[in-house]
Amino acid sequence: MKNFFEKFISLFIALLLPMLVVFLTIYFGIQRDEPHKAEIELKADRTKKSDHSEFKVLQQNFTNPKQVTAACISCHNQRDEQIMKTPHWTWEREHKLLGTGKVTKIGKKNIHNNFCTGAVGNNGSCMRCHIGYGWEDKNFDFNDPTNVDCLVCHDKTGTYFKQKSMAGWPATTETADEEFKVPDYNYISQNVGASGRENCGVCHFHGGGGNNVKHGDLEQELVNTTKKVDVHMAAEGTNMTCIDCHTTKDHNIMGRSYSVSAENTNRIYCSDCHTNTPHNDKVLDYHTRKIACQTCHIPVYAKKNATSMYWDWSVAGRKDENGGKIKEYDADHNYSYLSIKGHFVFDNNVIPEYKWFNGTANHFLPGDKYSELPVKINELGGKYADSTSQIWPVKVHRGKQAFDPVSKEILSVKLFAHKQGEGAFWEDLDWEEAIRQGMEYNEREWSGKYEFIATEATWPINHMVSEKENSLKCTQCHTREGSRLAGLTDFYLPGRDYSKWIDYFGFFIIIISLIGVITHATFRIIR
Amino acid sequence: MRKTGLYLYSKFERFWHWTQMLLVTLMVITGFEVHGSFKLLGYENSVRIHSASAWTFMGLALLSIFWMFVTRQYVNFIPSRANLKEQINYYMSGIFKGEVHPIRKSLFNKLNPLQKLVYFGLLIFIFPVQIFTGIAYMYYHYPQNPIDAKGFEIAVYTHTLGAFMVVAFIIVHVYMITTGNTIATNLRAMISGYEKEEDHEPKVENKENQENNIVNESNEA
């Protein structure tokens, strides 16, 4: 009996107790708490509504949308002054550029972009997305409050549209056509409200000439979508609209797009709702120090409709045998070639590229001379060694644009005109004349020569957050082969990186030990 | 089995040894998975198990330090030159000729000079370095803030190097188990606590030791 008891004690001490300790270690080690839930009260649920149909001022016979604006301001005191200070009106803001540190006005008004290259000089087409009426040319009056288009953002009827190519004007009795009717201003003005997805989306979804062309993570699909596409905006989910995150004070809307701005201000963070420790788990929450939420939680973008990934202007201008303009499509019915715009590559379900980003950016402005290729139309600031930088998913839009080989500047091109023969590229397909007029309108010098040069623009991805089950898995980054962060090499990433020499040395001593042990054992056996 | 033979390893020591053995094995497996050498338990599991094992390991280490000083058993681990040459000669030639171990074990001299050297290195150098770099690994991920430590690499590379050393130690250590008076002597001793009498040529001095040991054991109980 004693013998048995002793054996049991030995077994317990040397086997059962250690195994219990290790079991408990593993059991509690792999426990993971439920993530915190964020609470949100939708803006729509806390906005007071007043019945605008009762207001006499909105029952008058409007003949011009500017009269509607005047009617709005007659009650909404100072709203005009507020909005006229915002970049939605000015299309520029004074920002300090990364790199040179130059403080300058930048915005859609003056920057190059990597799509239709630049707005100024193409006002008829581009300024359709300005929140004003008739920014046709340099004579537009930025100080006239009745030039503000209240309706484009506040229409709740879904019947108000700015007409194509009309520099922000809706259709009038003279210009109305099949697609664009004269708006019913009484009906519309009596049914206004807080901006909905369609209001923001009409410009922010369709920039660059079509749905989802520019951003990649902002498109028509978000008007009525599923959790799979966007966990926040899904109708069956939280059903958040744009303004639930992009909150507004005095018409200044929170949020930053680094395609047009450069400073780390006015930003919206996931942590505003979700806190900095949303996972309720140490290992995962540590990641938030250096990894933006977006990196893991937006594993792909352009989840439904394709976005432009490549835009090569150098091949634009080709005509068919009859001298007509050509349209070609890829297998998914996205444009692959247009005579007026060149060659495109569109793609959906795109895996982002990843960059360090600290909320600052640089821009290649008109007049800047390139020194390296590709020309970075905009460039995000940040690196591992900067404690304010995080890894962000980005869409890198690549392409080729016209440049002046003498001055090494990107050229401004006149693309749009109402009709042929005015030198616009989209009408006449003549580069020389389009560049000459574009440069002249922008008051820039041109040597008379043009070539095409590789360019790229970087767009941080923020929308189309996936359900948590679909967020990135550890080994999509922490792996030696095919890591999503393979391009970011200025830091040590466990699982991806290792020292070749330490591994060689390690395996060497392991092999030496094995050989030593085996040799020794062999001698003992054959002695 | 009667309580005969030399009582070498107390209950705590045996528990410490085998728990440590399991934890170290677990940390080697999960550590090299995190290192990217292979895929076995899954990366996330490996990270979590590795960290948890490390905490248990550190707790056990504190307990063992306390125990060692209370029982004065730490003297076993202090390296000594005495008989070092003899011990090396034994492993290099004596063992092949069936000679007797040059060292007589006792409660306060249970390790041979080579073991002392190696275990001392492990306990005083490798383990502390692994613990220190491991804590850095867990808590100082981004060494630019607040103090610029010029990167995470130094801690990681040292930790990796230490891990290879531990693997090499395990290989040799497991083999050395078989070099007792019989192949199973050492293993049995670490389980039961006793080195069996029949494994020894009985000597007078040994008997004294043995008596001491038994007294010690009953005290402990």
Side-chain angles (χ1 to χ4, degrees), chain A residues 3 6-7 9-15 17-19 21-22 24-32 282-283 286-287 289-290 384-388 473-475 478-480 491-499 502-503 505-510 512-514 516-518 520-521 523-524 526-527, chain B residues 1-3 11-12 14-15 17-23 26 33-37 39 42-45 47-53 55-56 60 91 95-98 137 141-142 144-146 148 151-153 156-157 160-161 163-165 167-169 171-172 174-175 178-179 190-193:
Chain A
N3 192 358
E6 273 170 18
K7 274 192 174 167
I9 289 287
S10 293
L11 192 72
F12 182 74
I13 292 290
L15 188 67
L17 200 56
M19 277 173 68
V21 170
V22 169
L24 290 175
T25 300
I26 296 175
Y27 180 80
F28 287 108
I30 59 176
Q31 292 286 324
R32 197 165 138 180
K282 261 206 184 91
V283 180
Y286 263 126
H287 282 74
R289 288 270 298 277
K290 281 284 180 188
Y384 171 73
D386 165 18
S387 66
T388 63
K473 303 286 175 287
C474 307
T475 47
H478 294 281
T479 179
R480 291 189 181 179
F491 67 105
Y492 183 97
L493 177 62
R496 179 193 71 175
D497 298 331
Y498 61 100
S499 158
I502 288 176
D503 271 31
F505 177 74
F507 287 120
F508 174 74
I509 58 168
I510 286 176
I512 291 290
S513 306
L514 281 171
V517 160
I518 291 165
H520 200 266
F523 275 115
R524 276 170 70 203
I526 61 169
R527 72 186 157 103
Chain B
M1 193 178 73
R2 281 270 306 123
K3 271 193 180 177
K11 291 191 182 78
F12 175 78
R14 282 176 279 154
F15 163 72
H17 174 270
W18 290 111
T19 310
Q20 187 160 273
M21 168 261 179
L22 288 176
L23 289 170
L26 206 55
E33 177 153 10
V34 172
H35 184 57
S37 303
K39 289 193 167 87
Y43 197 87
E44 184 175 342
N45 283 336
V47 169
R48 290 179 191 281
I49 294 171
H50 196 84
S51 301
S53 309
W55 282 114
T56 311
L60 195 64
Y91 284 132
I95 191 169
F96 305 122
K97 299 172 193 154
Y137 212 131
H141 298 189
Y142 309 117
Q144 276 66 34
N145 187 25
D148 190 348
F152 191 36
E153 283 95 332
V156 175
Y157 290 159
T160 312
L161 203 57
F164 278 114
M165 297 296 193
V167 174
F169 168 80
I171 292 167
V172 177
V174 167
Y175 171 70
T178 67
T179 61
M190 193 45 91
I191 293 171
S192 69

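It should be emphasised that the depicted structure is a prediction, and the values quoted were computed from it without experimental measurement. First the proteins, then the strands, lettered A, B, ... as listed; each starts at 1.
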Test ring-ring contact (aromatic ring centres under 6.0 Å, His included) on A:F12 and B:F15; report intermediate values, then the result. CA-CA 9 Å; A:F12 182 74; B:F15 163 72; 8.8 Å; no
Rounded to the nearest 0.5 Å, what's the gap from [atom1] on [X] to [atom2] on [Y]? Could you check?
X: B:R48; Y: A:R32; atom1: CZ; atom2: CZ; result: 5.5 Å
X: B:E153; Y: A:S499; atom1: CD; atom2: OG; result: 10.0 Å
X: B:R14; Y: A:I9; atom1: CZ; atom2: CD1; result: 9.0 Å

Let's test your reading of the structure: which of [options] forms the most heavy-atom pairs below 4.5 Å with chain B?
options: A:D497, A:V21, A:I510, A:L11; value: A:I510
options: A:L17, A:I26, A:T475; value: A:L17
options: A:D503, A:L514, A:L24, A:I509; value: A:D503
options: A:G516, A:A521, A:G29, A:A14; value: A:A14

Quick one: list whatever passes side chain to side chain donor-acceptor pair (under 3.5 Å) with B:N45, sequence neighbours left out. none
Heavy-atom distance under 4.5 Å to chain A: side chain of [X], backbone, both or neither?
X: B:V156; value: side chain
X: B:S53; value: both
X: B:V47; value: side chain
X: B:M21; value: neither
X: B:L161; value: both

Please give me the minimum heavy-atom distance between A:P18 and B:W18, naming the atom from each residue. CG-CB, 3.7 Å
Test item: [X] and [Y] side chains (from C-beta on) under 4.5 Å apart, heavy atoms:
X: A:I30; Y: B:I49; result: yes
X: A:V22; Y: B:T56; result: no
X: A:S513; Y: B:F164; result: no

Of the backbone (N, CA, C, O) and the side chain (C-beta and beyond), which part of [X] lies under 4.5 Å from a heavy atom of chain B, both, or neither?
X: A:I518; result: neither
X: A:R480; result: side chain
X: A:T479; result: side chain

Can you tell me if NZ on B:K39 sees more than 12 non-hydrogen neighbours from other groups inside 6.0 Å? no
Within a radius of less than 6.0 Å around CZ of A:F508, do more than 12 heavy atoms belonging to other residues, nucleotides or ligands occur? no
Quick one: list whatever passes side chain to side chain contact (heavy atoms under 4.5 Å, CB included) with A:H287, sequence neighbours left out. A:V283, A:I291, A:H478
Are any side-chain N or O atoms of B:Y157 and backbone N or O atoms of A:I502, one a donor and one an acceptor, separated by less than 3.5 Å? no
Using modelled atom types and a 3.5 Å cut-off, is there a donor and acceptor pairing between side-chain atoms of A:H520 and backbone atoms of B:Y91? yes
Working for side-chain contact (heavy atoms from CB on, under 4.5 Å), residues A:T25 and B:L22: CA-CA 11 Å; A:T25 300; B:L22 288 176; over 6 Å; no
